[in-house]
2 protein chains.
Amino acid sequence: MKRKITLKQIARELDVSISTVSKALRNSPEISEDTKQKVQAFAKLYNYRPNNIALSLKNRKTNTIGIIIPEIVHHFFSKVIRGVELVANKRGYNVIIGLSNESFSKEVINMEMLANGSIDGFILSISKETLQQQDYHHFIETMSQGMPIVMFDRVVSDIKCDKVIVDDFKGAKNAVEKLIKNNCKSVALITTKDYVSVGKLRTQGYLEALQDHKITPQAELILKIDDTMDYEVHLDKLEAEIEQLFKSNQSIDGIFAVNELYALSAMKVASKLGLRIPDDIQVIGFTDGVLSKHSTPSLTTVSQHAQHMGERAADLLIDKLEKEFETEEEEFQTVVIATELVERESTK
Amino acid sequence: MKRKITLKQIARELDVSISTVSKALRNSPEISEDTKQKVQAFAKLYNYRPNNIALSLKNRKTNTIGIIIPEIVHHFFSKVIRGVELVANKRGYNVIIGLSNESFSKEVINMEMLANGSIDGFILSISKETLQQQDYHHFIETMSQGMPIVMFDRVVSDIKCDKVIVDDFKGAKNAVEKLIKNNCKSVALITTKDYVSVGKLRTQGYLEALQDHKITPQAELILKIDDTMDYEVHLDKLEAEIEQLFKSNQSIDGIFAVNELYALSAMKVASKLGLRIPDDIQVIGFTDGVLSKHSTPSLTTVSQHAQHMGERAADLLIDKLEKEFETEEEEFQTVVIATELVERESTK
DNA sequence: TTTTAACACGAAAACGTTTGCGTAAGACTG
DNA sequence: CAGTCTTACGCAAACGTTTTCGTGTTAAAA
């Protein structure tokens, strides 16, 4: 099996020293035109490319950034990755991914695997299990060893680092206000349990929108789904819960769901119960997945601009990596990405 | 900014040599129990981990595999990645991704970026542009430098390497036969232009199914979409074309589409034209995306088992990487993943 | 003719590991 | 007491780069 050609081999072949070859290839004025030409021609012929690993070792810089996400088969996360990849490549970086699979231990293992020299910094979104256990030592440790972290979407305020988040609160509030303006009198909320920060914020947005319009929130209109169970599999259970919500509250004429699947399930259940969308009931979801766009009726959603989040996160990280003089007082930014209400057929 | 601790620092601190530290940590019998304890305790205290880059350089092995795919915001590809990641991590490898964005030049650049020592081997799916230009020199070159490649899904027979493909032909044939058995008399095909290998094979499957049932294929029932245009954006154009197909061929009572979006669009158009699914018209798609499962009516599809493809591809690659004695005669495998018809509401 | 400067190149160190080999000190054998 | 064997460690090379510094040769200046 042939190996890639190295400086040493070129040097031996051309009967010069390794340093001469290196300098010739980098067009150093130290080297005569003759030699340069000879070396460059030979290098081109054999398609020489400097070994990245050797460079990384020498420069103590890998030009690679690590992404840790809970799940890749997920429109939101893959869009974020695309954003990261876009600016990373543009700025000369590679992207290496690790999946935590929503598991604490896999998150830790994956981070350790990458932190030992493979990458220069992390971009990550915290797994559900980690959020539940509230054990963040691996983040702290990583950062204390000089490796910067940028968190996105699922973040915790305990950790001091750069963050890119969606304005979940305002996005939710806008959505609910939209429903209220559209004449909904009884808006229900389908959300997650509170430990998921984004679910919590969206719930708060819902509540404040109601209060701003002098509507008293009713506990029975709020359905909190236990999302530790894989709802892709237990779709029927999810739908059953939603059906229950509808049946116990016949007055419902508006639904705000904190994600796409909940919204879609709500629409499905509503149709099944003979409710017309958006005439009898209006629905708004949260996300910019594919389902919303292609469902019938198509779903009005709060778009998170996932790709843009990825881009901002990458810029934040690379900026930090390339800042020559590290200010003694580390300063961390939190970038808030504005949401956008994409109106489709599920609202009037 | 603190850096990670190295052998050298431990050695200096404990006043022993670097080699002693290294051996002590690896539990070499050369080192006395006393020293081992001292070193190991110190290393643990400072959370020492060997630097991966240095190891990669020394071992000439990175334990990282590179994935190049045309697009990550795509259910199929992200499922493949998940499969790759799963077995890669299990077998001690990292995964680094590059997106070609369906562009030839980005594919080349990305491969070159990774091939220079960053990874041990590639898993990739060819970009559309590359397939069109039929320029495969970068694959050949990469392999000639001793870096193995495993291709999946979109492959070309010209290149000798390991491959993992879906049985597009049989999958399509089965689907069309299903429609015929379900009493469809006039089955239309919505496919891509022929340069995409998978589109071509699926078209052939369609044709053979018809012929096996003594049905003469009709050119006007075959709609070839120019998929170089971004159909997410030009959805209306796609639907217009499909509508034209329906209107010129009122007899159509079955549709086989080579991907999810075409199938969904067909259903949407059919509904618009007042056709009931599956009573008046039955539809089958090809893929295992999310849309099929959650559309109304849900779509019967040919599942490709994307995750399984990723797993097989990773195993194939790692097997090759770890085979000690390279047989002189390189042997390449082509693994064919069986498809599965997932029946949902769009067929009887 | 001697001194100096320019030129063109090579040696070596460094990045962080691992490992084969050499060796000093002490223990043991005869 | 001389010779041999263990024990426990250090040295150095290697992986592939880049870069600083040193040096020999030649041409120009004094």
Side-chain angles (χ1 to χ4, degrees), chain A residues 1-40 42-43 46-64 115-120 145-147, chain B residues 1-40 42-43 46-64 115-120 145-147:
Chain A
M1 178 156 87
K2 263 199 303 183
R3 286 212 164 274
K4 294 212 65 165
I5 195 167
T6 68
L7 288 185
K8 192 194 281 193
Q9 291 169 41
I10 301 183
R12 195 185 309 142
E13 212 67 37
L14 263 43
D15 215 43
V16 290
S17 78
I18 295 180
S19 16
T20 302
V21 177
S22 176
K23 288 170 187 168
L25 291 176
R26 329 199 99 249
N27 250 315
S28 157
E30 279 187 66
I31 306 298
S32 71
E33 277 310 315
D34 265 13
T35 315
K36 275 188 197 171
Q37 297 245 337
K38 201 173 54 176
V39 172
Q40 290 179 359
F42 191 91
Y46 283 88
N47 196 28
Y48 170 79
R49 294 276 182 284
N51 181 306
N52 271 332
I53 294 290
L55 286 180
S56 296
L57 184 58
K58 179 142 189 44
N59 302 331
R60 298 151 125 213
K61 178 117 174 36
T62 63
N63 275 270
T64 302
N116 301 321
S118 303
I119 62 166
D120 296 333
Q145 296 188 332
M147 180 154 309
Chain B
M1 179 155 88
K2 263 199 304 184
R3 287 214 161 273
K4 295 214 64 168
I5 194 166
T6 69
L7 289 186
K8 191 192 282 194
Q9 292 170 41
I10 301 183
R12 196 186 308 142
E13 213 66 36
L14 263 45
D15 215 44
V16 291
S17 79
I18 295 180
S19 18
T20 302
V21 177
S22 175
K23 288 170 186 167
L25 291 176
R26 325 199 103 248
N27 250 314
S28 158
E30 281 186 64
I31 306 298
S32 71
E33 278 309 316
D34 266 14
T35 315
K36 275 188 198 171
Q37 298 244 337
K38 202 174 50 176
V39 171
Q40 291 177 0
F42 191 91
Y46 283 88
N47 195 28
Y48 170 79
R49 295 276 182 283
N51 180 305
N52 271 332
I53 294 290
L55 286 180
S56 294
L57 184 58
K58 178 143 186 47
N59 302 331
R60 298 151 127 214
K61 178 117 175 36
T62 63
N63 275 271
T64 302
N116 302 321
S118 302
I119 63 164
D120 296 335
Q145 296 187 332
M147 179 154 308

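Since this is a predicted model, take the numbers as computed values, not measurements. Quick note on labels: first sequence line is chain A, next is B, and so on, each numbered from 1.
In this structure, the NZ atom of B/Lys4 is 17 Å from the P atom of C/dC15, given to the nearest Å. If you take CG of A/Leu57 and C1' of C/dA14, they are 9 Å apart, rounded to a whole angstrom. Rounded to whole Å, atom C1' of C/dC15 lies 13 Å from atom CG of B/Leu55. Regarding A/Asn52, its CG atom lies at a distance of 11 Å from the P atom of D/dT18, rounded to whole Å. Distance B/Asp15 CG to D/dA8 P: 18 Å, rounded to the nearest Å. The CG-P distance, from A/Leu14 to C/dC9, rounds to 11 Å in whole Å.
Judged by distance alone, the side chain of A/Lys36 and the main-chain N or O of A/Ser28 form a donor-acceptor pair under 3.5 Å.
Place B/Thr35 and B/Arg60 on DNA chain D by their nearest nucleotides, and B/Thr35 ends up nearer the 5' end.
Here C/dG10 is the nucleotide among C/dG16, C/dG10, D/dT18 with the atom lying nearest to any side-chain atom of A/Ser19.
Of the side-chain N and O atoms in B/Ser22, none sit less than 4.0 angstrom from OP1 or OP2 of C/dT17. The side chain of B/Lys8 contributes an N or O atom lying less than 4.0 Å from OP1 or OP2 of C/dC15. Listed pair B/Lys58 / C/dT19 fails the phosphate criterion, with no side-chain N or O lying under 4.0 Å from OP1 or OP2.
Sorted by residue number, the members of residues 24-34 of chain B with any non-hydrogen atom under 4.0 Å from DNA chain C read B/Arg26, B/Glu30.
Inter-axis angle, ends of the helix from C/dT1-D/dA30 to C/dG30-D/dC1, five pairs per end, rounded to 10 degrees: 80°.
The base of C/dC9 is not paired with the side chain of A/Ser17 by any donor and acceptor separated by under 3.5 Å.
No side-chain donor from either of A/Lys4 and A/Asn51 sits under 3.5 Å from a side-chain acceptor of the other.
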